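Because the structure is predicted, anything quoted here is derived from the model rather than measured.
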Amino acid sequence: MIKNFQNIPVELPELAILKRMGYNRHLTGISGEQVDKINHYIGEAYGMCKPVGRYDRFDIVNRDGSRVVLEGEYEINSVSVAKLLLGSNECVMLAARADQSVIEMIEKYVAQKNGVAALIYDAVASEVVDACLSWMIQRIGMDISRFGLRTTSMRYSAGYGDFPLENQKLFYDVLKMEEMGVTLSENYIFSPEKTVTALCGIRDFSAV
């Protein structure tokens with residue numbers, strides 16, 4: 001059964017945002033006025049993200065070294081995913097997105113040639129939705145720990161390694177992401193742009 005989260009309460013991932021922007025406190029020299037402006041845009045963008053997410057759990061019914069089959073006959077062909085899920089009895093599929101208004105503000109600042117604001121908004125939205133996946137996995141881990149289960153320490157997303165971007169279609173269909181206000185293009189690109197997906201495994205505490 002799909003589980004939904006509204007307005008996920010992730011903390012502002014400030015260090016990750018600054019790193020994404022290429023800021024290094026030891027090498028990057030900026031004035032106090034610039035710091036104030038950056039902080040203003042970061043806070044503004046963070047308040048507009050209003051992230052939502054959802055996930056579902058699936059039994060793993062078959063597997064080999066390069067393929068995993070989930071209940072419902074969903075098949076994943078990926079050595080990397082098969083390795084991640086080795087020792088897991090279930091697979092969790094997750095999705096999170098930021099509000100479309102953030103994308104509209106990025107486009108607005110680009111049109112105004114305010115590259116700094118656009119860059120900051122983009123970095124904030126990217127890091128917030130990524131943090132949402134971590135938050136959801138942590139929440140799932142807390143919920144299942146009383147049953148002697150845990151999530152895998154890593155997660156995997158479509159578009160990395162041998163898990164091609166076309167697998168976004170699997171996430172989209174399985175998680176009914178249209179109910180989140182998300183669309184998927186013929187090239188497997190999500191809209192709103194700041195939408196992310198991932199999967200992880202569930203195993204018992206004795207699993208290696």
Side-chain angles (χ1 to χ4, degrees), residues 1-21 23 39 41-58 70 76 80-81 84-85 88-103 105-106 120-160 163 167-168 170-182 184 190-205 207:
M1 179 182 297
I2 294 174
K3 174 75 171 180
N4 291 287
F5 295 105
Q6 302 293 326
N7 291 317
I8 297 174
V10 294
E11 294 184 4
L12 177 65
E14 188 171 2
L15 292 179
I17 291 166
L18 294 175
K19 183 177 180 180
R20 179 179 284 267
M21 292 166 52
Y23 172 75
N39 288 335
Y41 285 133
I42 287 177
E44 199 175 63
Y46 176 65
M48 294 182 66
C49 282
K50 300 176 183 176
V52 300
R54 58 174 39 194
Y55 76 89
D56 204 352
R57 293 165 58 175
F58 302 89
L70 309 179
I76 299 173
S80 299
V81 171
L84 173 70
L85 297 178
S88 295
N89 296 319
E90 295 181 64
C91 174
V92 183
M93 301 185 73
L94 313 99
R97 68 150 177 83
D99 194 80
Q100 176 63 23
S101 61
V102 178
I103 308 303
M105 286 299 294
I106 294 172
I120 293 171
Y121 264 72
D122 185 90
V124 171
S126 296
E127 292 299 333
V128 165
V129 294
D130 187 71
C132 285
L133 294 181
S134 297
W135 182 92
M136 285 193 290
I137 291 174
Q138 183 180 33
R139 175 67 179 269
I140 294 166
M142 292 173 59
D143 290 343
I144 66 177
S145 62
R146 64 182 184 273
F147 301 110
L149 303 172
R150 66 180 181 186
T151 60
T152 53
S153 59
M154 295 182 62
R155 63 177 189 249
Y156 216 83
S157 296
Y160 291 90
F163 191 36
N167 285 284
Q168 297 284 45
L170 175 61
F171 286 94
Y172 189 78
D173 292 341
V174 166
L175 295 177
K176 298 180 173 59
M177 292 175 63
E178 72 278 1
E179 296 177 359
M180 299 171 62
V182 175
L184 183 68
F190 290 128
S191 178
E193 178 186 339
K194 300 307 178 182
T195 301
V196 293
T197 57
L199 58 77
C200 67
I202 291 180
R203 59 182 64 175
D204 61 46
F205 287 140

Evaluate the criterion side chain to side chain contact (heavy atoms under 4.5 Å, CB included) for residue pair Val196 and Ser157; output intermediate values, then yes/no.
CA-CA 8 Å; Val196 293; Ser157 296; over 6 Å; no

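- Here the straight-line distance linking atom CE of Met136 with atom CD1 of Ile8 works out to 5.0 Å at 0.5 Å rounding.
- Nearest heavy atom pair, residue Ala45 against residue Val102, reads O-CG2, 4.4 Å.
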Residue pair Thr152, Arg203: steps toward the side chain to side chain contact (heavy atoms under 4.5 Å, CB included) verdict
CA-CA 7 Å; Thr152 53; Arg203 59 182 64 175; 3.5 Å; yes

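- Here the shortest heavy-atom pairing between Asp99 and Met48 reads CB-O, 3.5 Å.
- Proximity of Ile137 to Val92: side-chain heavy atoms (C-beta onward) are nowhere separated by under 4.5 Å.
- Side chain of Arg54 to main chain of Met180: no donor-acceptor pair is present (N/O by atom type, distance under 3.5 Å, no hydrogens or angles).
- Side-chain contact between Leu18 and Ile42: present, with at least one pair of heavy atoms (C-beta onward) separated by less than 4.5 Å.
- Across Leu85 and Glu90, no two heavy atoms sit closer than the pair CD2-O, 4.5 Å.
- When every heavy atom of Ile2 is checked against every heavy atom of Val174, the shortest pair comes out as CD1-O, 3.9 Å.
- Tyr172 is linked by a side-chain hydrogen bond (donor to acceptor under 3.5 Å, both in side chains) to nothing, counting only residues two or more places apart in sequence or in another chain.
- Residues Ile140 and Lys3 have side chains not in contact (no heavy-atom distance under 4.5 Å, counting atoms from C-beta outward).
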Please report, to 0.1 Å, the donor-acceptor pairs under 3.5 Å made by any side chain of residues 125-133, with sequence neighbours excluded.
from	atom 1	to	atom 2	distance (Å)
Ser126	OG	Asp122	O	2.9
Ser126	OG	Lys194	NZ	2.8
Glu127	OE2	Arg20	NE	2.7
Glu127	OE2	Arg20	NH2	3.1
Asp130	OD1	Arg155	NH2	2.8
Asp130	OD2	Arg155	NH2	3.3

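- Side-chain contact check for Leu184 versus Phe171: every heavy-atom pair is 4.5 Å or farther apart.
- Residues Asn4 and Val52 fail the side-chain proximity criterion, which asks for heavy atoms closer than 4.5 Å.
- No side-chain heavy atom of Thr151 sits less than 4.5 Å from a side-chain heavy atom of Gln138.
- Atom-to-atom distance recorded for Ile76:CD1 and Met93:CE is 5.0 Å, nearest 0.5 angstrom.
- Under the 4.5 Å side-chain criterion, counting only non-hydrogen atoms from C-beta, Arg97 is not in contact with Phe190.
- Asn89 is linked by a side-chain hydrogen bond (donor to acceptor under 3.5 Å, both in side chains) to nothing, counting only residues two or more places apart in sequence or in another chain.
- Looking only at distances, no side-chain donor or acceptor of Thr197 sits under 3.5 Å from a matching main-chain atom of Ala95.
- Using a 4.5 Å cut-off on side-chain heavy atoms (C-beta onward), Glu11 and Trp135 make no contact.
- For the residue pair Glu193 and Ile103, the shortest heavy atom distance occurs at CB-CD1, 4.0 Å.
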